[in-house]
Structures are given as structure tokens and as C-alpha cells.
Amino acid sequence: MEAQSLTTVAVDGAQIVYRRIGKGRPLLLLNGFGATSADWDPFFIDRLASCNELILLNNRGIGGSTDNGQSFDVEKLADDTAQVIENLDIDRASVLGWSMGGFIAQAFAVKYADRFHKLVLLSTDSGGVEADLASPHIWSGLLDTSGTPNEQARRLLFLLFPRDVAESFYRRFGDVVAAARAQLSVELLNRQADAMDAWHRNGVAGQLREIRMPVLIAAGTEDIVIPASNALKLANAIPGAWLAQFPHGAHAFMAQYPRALADLINTFLAIE
């Protein structure tokens with residue numbers, strides 16, 4: 001990502017970095033734990049940008065976005081998102097959230113429904129006691145920052161992809177992921193982890209039936225980070241929601257199925 005393509009907007013106690021690419025109706029993208037706008041699969045992003053104007057946001061404290069060092073929760077990240085949308089003078093936008101970005105997108109949808117066009121949720125859950133959680137072993141692996149950046153990258157990619165394809169993703173993208181890991185603040189990751197822990201104590205499961213905008217939910221059937229059973233729970237709770245399950249897809253299934261998923265999302269967003 002070219003540095004000059006980044007724009008910064010001031011929000012409460014933070015400077016949020018984002019970039020805009022593509023043409024069409026606005027689609028805001030919210031990435032997951034420890035990830036930035038530079039970490040999306042490039043083919044997936046290019047295909048989405050062929051039909052939409054993408055606004056790719058970096059959450060406070062990561063990827064050039066700054067903050068005040070204080071703890072935050074998912075609702076605070078949703079408030080940041082709302083302030084970015086307001087700063088851009090966008091009346092209503094569609095929002096796509098992956099993993100932790102999906103937590104933020106749901107909190108945003110519940111609190112700022114009047115700012116929404118459509119909602120896309122990928123590899124995520126509703127939080128609270130209703131959510132099915134990964135095993136402690138998987139969760140500890142996600143948080144593990146020990147070893148070299150390349151060792152961290154390998155460990156992460158084997159969580160994000162099925163074992164039979166993880167090695168090929170490591171050969172292709174391991175150095176890129178390692179470079180990104182080397183830039184991460186452990187302190188910021190811990191604050192994001194605390195926000196996710198709080199989400200899984202509270203969440204918005206009890207408010208999902210209030211969501212009235214069109215919603216697309218998609219997940220990989222072999223996700224071990226956020227079990228795919230959560231996608232079905234979301235679809236059952238949100239009136240009229242679409243549900244798509246991708247066979248042999250894992251947590252980062254958008255990199256396994258970039259064309260098919262992007263085309264599905266583009267079709268969903270285009271329907272009036």
C-alpha cells in the first residue's frame with residue numbers, strides 16, 4: 001500500500017488511517033485481530049473495488065492509526081468507524097467486517113442503523129454466551145508473539161488455513177506476513193484481545209433481531225478460530241439474512257475463494 005494513498009481523520013483520542021479505492025457505492029471494510037488494510041487478499045480487494053468504492057480502515061493503534069494508549073472495547077471501535085463515515089460526509093454505507101471486524105460491524109449496525117445500507121459478516125460471531133468459541137489452544141496460538149516474525153507468521157497461517165493448504169500460503173505470503181508481524185505492538189494486540197474477551201462476555205446476540213438492513217453472512221466450514229456454527233446462529237437470529245458456507249474454507253477463506261466470495265458480495269450489494 002502506497003503511503004500517499006493513506007488519509008487520516010481525528011476521532012476521540014485517536015487518529016484513524018484509511019484509504020479509498022474503486023468506484024461505486026461506498027463499502028467500508030473492517031479487518032480482524034492484529035490486521036490492517038494492507039493485509040486483505042489483493043485479488044479479493046481488487047474484485048470488490050471493481051464494483052464498489054472501498055474505504056479500508058485501520059483500527060486505532062494499528063497500521064499507522066494512533067490512539068491514547070487507553071483500553072477500548074468493540075463499541076468504542078464502532079464509534080470510531082461512525083466518526084470516519086461522518087467525516088467522509090457519507091449518508092449511508094455498506095459495511096463488511098471479518099472476524100474481529102465483524103464484531104465491530106455488528107456493534108456499528110446495532111448503534112448506528114441509520115448510517116447503514118447493507119451488512120456483510122465474514123468468519124465472525126455475535127459475542128456473549130451464545131457464541132461458540134475456539135479451544136484455549138487455538139486462542140493461545142493466536143495471541144502467541146514468541147519466536148521470530150517468520151515463526152509467528154507460520155504459526156498464524158496454520159491457524160487461518162486448513163493444514164493441507166497452509167504450507168502453500170506460507171511459501172507465497174510468509175515473508176509478507178512476517179514483515180507485518182514485526183511491526184505489531186504487543187501492547188496493542190493485548191488491548192485488542194481484551195476487547196474481544198469483553199465481546200464474548202457481552203456481545204450483541206440479544207439485539208440481532210432488531211437489525212433490519214440486508215445482511216450477508218459467510219464462513220468457511222473448517223474455521224477453527226471462530227467455528228462455522230456461529231454463522232448459522234447469526235443467520236437464524238437476523239431476519240432475512242443470507243448465509244453462504246464455503247467447503248474446506250478456514251478462517252481466512254477469502255484468500256482461498258477470492259473470486260467466488262467477492263462475486264457473491266458484489267451481487268448481494270447490487271440487489272435493490
Side-chain angles (χ1 to χ4, degrees), residues 28-35 57 59-62 67 70-82 94-113 115-116 118-143 159-160 188-221 223-245 249-254:
L28 182 71
L29 273 67
L30 303 173
N31 216 330
F33 176 71
L57 184 149
N59 291 313
R60 57 173 54 219
I62 192 168
D67 74 346
Q70 297 179 3
S71 61
F72 51 76
D73 56 16
V74 168
E75 184 175 353
K76 182 65 172 178
L77 300 178
D79 290 341
D80 291 346
T81 303
S94 294
V95 177
L96 181 156
W98 173 67
S99 193
M100 186 187 80
F103 304 167
I104 302 167
Q106 290 172 75
F108 186 19
V110 167
K111 190 172 182 179
Y112 299 98
R115 308 306 302 271
F116 259 84
K118 296 186 179 183
L119 175 62
V120 179
L121 300 174
L122 307 178
S123 305
T124 196
D125 66 57
S126 64
V129 297
E130 292 84 357
D132 294 331
L133 303 183
S135 70
H137 171 72
I138 297 299
W139 184 244
S140 64
L142 192 67
L143 300 180
L159 292 174
L160 297 182
L188 184 278
L189 291 179
N190 288 336
R191 285 192 286 142
Q192 284 194 348
D194 289 344
M196 291 196 294
D197 284 342
W199 175 259
H200 286 126
R201 291 192 300 272
N202 302 306
V204 294
Q207 299 166 277
L208 293 178
R209 295 200 178 279
E210 301 170 12
I211 294 178
R212 290 293 180 263
M213 77 276 295
V215 179
L216 167 64
I217 300 154
T221 60
D223 190 343
I224 60 174
V225 176
I226 295 183
S229 55
N230 289 290
L232 182 59
K233 289 185 175 184
L234 284 167
N236 285 335
I238 300 173
W242 293 23
L243 173 62
Q245 295 179 303
H251 194 58
F253 73 104
M254 71 287 296

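Predicted, not measured: the structure shown is a model, and the values here were computed from it. Reckoned from all heavy atoms, side chains included, excluding hydrogens, waters and symmetry mates.
N230 contributes no side-chain N or O that, together with a main-chain N or O of A131, makes up a donor-acceptor pair within less than 3.5 Å. Judged by distance alone, the side chain of N236 and the main-chain N or O of K233 form no donor-acceptor pair under 3.5 Å. Of the possible polar contacts, one joining the R191 side chain to the Q70 backbone as a donor-acceptor pair under 3.5 Å is found. Although no hydrogens or angles enter the test, the distance criterion places no donor-acceptor pair under 3.5 Å between the side chain of S126 and the main chain of L234.
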Begin from the C-alpha positions of W139 and D197 and carry the test side chain to side chain contact (heavy atoms under 4.5 Å, CB included) through to its verdict. CA-CA 11 Å; W139 184 244; D197 284 342; 3.9 Å; yes

Check step by step if side chain to side chain contact (heavy atoms under 4.5 Å, CB included) holds for L189 and L143. CA-CA 8 Å; L189 291 179; L143 300 180; over 6 Å; no

Going through the distances and angles, do R115 and V95 end up as a side chain to side chain contact (heavy atoms under 4.5 Å, CB included)? CA-CA 10 Å; R115 308 306 302 271; V95 177; over 6 Å; no

Could you walk me through whether L216 and K118 pass the side chain to side chain contact (heavy atoms under 4.5 Å, CB included) check? CA-CA 8 Å; L216 167 64; K118 296 186 179 183; over 6 Å; no

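Interatomic distance, L30 CG to S99 OG, rounded to the nearest 0.5 Å: 11.5 Å. Atom CD1 of I62 and atom CG of L188 lie 5.5 Å apart (nearest 0.5 Å). Between L232 atom CG and Q245 atom CD the span is 6.5 Å, to the nearest 0.5 Å. Considering CD1 of I224 and NE2 of H137, their distance stands at 7.5 Å, rounded to 0.5 Å. How far CD of E130 is from NE2 of H200: 11.0 Å, rounded to the nearest 0.5 Å. Put simply, CD1 on I217 and CG on L121 are 6.0 Å apart, with the number rounded to the nearest 0.5 Å.
Shown here for G220 and F253, the closest heavy-atom pair between the two residues is N-CD2, 3.8 Å. A pairwise comparison of heavy atoms in A250 and S123 identifies O-OG, 4.4 Å as the closest pair. L119 and A109 get closest at one heavy-atom pair: CD2-CB, 4.0 Å. Between L159 and L142 the shortest heavy-atom distance is CD1-N, 3.5 Å. Across all non-hydrogen atoms, the minimal contact from A195 to D73 is CB-CA, 4.0 Å. Closest approach of M254 and H251 over heavy atoms only: CE-O, 4.4 Å.
Relative ring orientation between F103 and W199 is described as parallel, the plane-to-plane angle staying below 30° on a 0-90° scale split at 30° and 60°.
In summary, of the residues considered (I226, T124, N59), a side-chain contact (heavy atoms from CB on, under 4.5 Å) with M100 occurs for N59 alone.
Inter-residue side-chain proximity for V74 and Q106 is flagged as unmet; no heavy-atom pair is nearer than 4.5 Å.
Looking at K111 and E75, a side-chain N of the basic residue comes within less than 4.0 Å of a carboxylate O on the acidic one, giving a salt bridge.
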